Structure formats: structure tokens, C-alpha cells
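Note that this is a predicted model, so its numbers are computed, not measured.
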Amino acid sequence: GYRVSLQGNFFGHNDTHMTFPEYNPRKHIKLDPPMNIQSNATASKCQIWWSVWNVPWYLTEILQYELQYKEYSMSWEVALNKTLPSSLPQAEIEAIELRSGIAYTARVRCKVSENENSYYSQWSEWSQTTVFQGADVPKVSEKISNIKTLQYLFIPLSFGTLLYLFWSCKLSSRYNTEKLSIFLKCCFLTLGQKALPALIFPRQLLSFSHSIVCTMGILR
């Protein structure tokens, strides 16, 4: 430790005042703020990283960081704080914590970890800020709407495919008729229906398309 005293001329007299009878520099540390803070936002998370300057090598592995972020238009008084568990100069913010399409700004500060007994420091000043934007994530209702659209498209496409196959076949041939009947049976089995006897167009084909419409109505 050190002894810190103050000497001076007070009212015409030279006096020495003992300011710190025992001063330990390890217990009175204030680091420079982190620098070069950068960010990269994706659909799943926002990654933020930075660097430290003028910090002894033996302190870099016992540093503690605090991240602060907020919506760009808001005040720092309402910002969210995160004390990071790692001494690595990086942090992540999950996309679920951010509002879609909203601009955010973040900053960071550091000090020696509170779990370290050999050193003690106060928080550094805040770093400069980095700006990022919450990723646009499709809403659940939009996804459901897209699924329903595909379901409705399936009906006319399936019906059109069956018409094409029917007119492409030579129905005068019993062999081709049996092939069409087998194909339609497979379609019924795929949809969970019971296989019917040999189908003859157009009555049975229209009945098949009607079953598809009813099935899709139930799914709604």
C-alpha cells in the first residue's frame, strides 16, 4: 500500500495533511469506457461487440460488463440493463426482446468483476452508442392466412389434374379405365377415405371433388 499526504502553505504556514494513511491502488480503479462498439441484427438475435482500451492484460479476464439498450426515440432513463455473465467483450439480445421494425440504440460500460477480491473498481463511463433495428418477423395470423390460401388452391388444382388425366386416357380401352379407377382409389386412400368400387366419370369424379370441398370445409 501507499501513504498519501497533502502538503501546502496554509495561512502562511507549511503544513502536511494525511489524506490516506494507507492507500491501495488495486482497490481504487476506474477503467476507460469500452470503444468501437458495433452491432449486427438478424431474424433470431442481435449481436453486439466492442473492445477495451488501456486495460492491463491481467484485468481483461476478470472484467464485468453492463449492456444498456433502448428504443432510439426513448430516453435512457427507461432503458433496459443487462449485466453480462462473461468477461468476453460481446453480448446478444434475443429477437423476442425487440419490437419488429423499431430502431434501437445500445451502449456498454465495464469494471472489475465483483467476484474478484484482489481488485476493486467502480463502473467506467458509458461507451459510445451503436444503432440497430429489430428484424421484421411475420405475424402468426399471416402464416395461418398463407396456409389457408394454399388449401383453397389445392381444390381447383386437384380437380384440374383429374380432368386432364381423364381426357388424356382412352376410355374405350378397359385397361386404361381400370388404371384411372386405381388412381382415383389411391387419391381416396391418401385423403383418409375408404376405397370405392371402380369409378366412372362424370358422376363419381364430381362426387370425389365434392368430398375434397367438404373435407376442406371441416379443416376450417
*asked:* Suppose the criterion is salt bridge (charged side-chain N to carboxylate O under 4.0 Å, His left out): which pairs have a residue in residues 111-123, not counting sequence neighbours?
replied: K111-E114
*Mind listing the closest non-hydrogen atom pair of W50 and L88 along with its distance?*
CZ2-O, 4.2 Å
*Only pairs at least two apart or in different chains count here, so list each salt bridge (charged side-chain N to carboxylate O under 4.0 Å, His left out) that has a residue in residues 83-106.*
K45-E92, E71-R99, K82-E97
*S51 (side chain) donor-acceptor with M35 (main chain) under 3.5 angstrom*: yes
*Residue pairs involving residues 66-105 (criterion ring-ring contact (aromatic ring centres under 6.0 Å, His included); sequence neighbours excluded)*: Y104-F132
*For the atom pair OG (S86) and CD (E61), what is the distance rounded to the nearest 0.5 Å?*
10.5 Å
*asked:* List the residues meeting side-chain hydrogen bond (donor to acceptor under 3.5 Å, both in side chains) with Q38, not counting sequence neighbours, and say none if there are none.
replied: none
*Y65, Y58: one ILVMFWY side-chain cluster at the under-4.5 Å cut-off?*
yes
*Return the minimal non-hydrogen interatomic distance between Q64 and T83, and the atom names on each side.*
NE2-CG2, 3.1 Å
*Is it the case that one hydrophobic cluster holds both I48 and L84, taking links as side-chain heavy atoms less than 4.5 Å apart, direct or via other members?*
yes
*asked:* Using modelled atom types and a 3.5 Å cut-off, is there a donor and acceptor pairing between side-chain atoms of S113 and backbone atoms of I62?
replied: no
*asked:* To check you understand the geometry: which heavy-atom pair defines the closest contact between V112 and S121, and what is its length?
replied: N-OG, 2.7 Å
*asked:* Working note: V52 + L59, criterion side-chain contact (heavy atoms from CB on, under 4.5 Å); need CA distance, chi angles, decisive distance, verdict.
replied: CA-CA 11 Å; V52 290; L59 292 181; over 6 Å; no
*Residues in side-chain hydrogen bond (donor to acceptor under 3.5 Å, both in side chains) contact with Q68, at least two apart in sequence or another chain*: N81, R107
*Any idea which heavy atoms bring S39 and C46 closest together, and the distance?*
CB-SG, 4.3 Å
*For S118 and R26, which heavy atoms make the closest approach, and how far apart are they?*
O-CB, 3.6 Å
*asked:* Just to verify, what does E77 make a side-chain hydrogen bond (donor to acceptor under 3.5 Å, both in side chains) with, not counting sequence neighbours?
replied: S75
*Do you reckon W53 sits in the same ILVMFWY cluster as I37, going by side-chain contacts under 4.5 Å, direct or chained?*
no
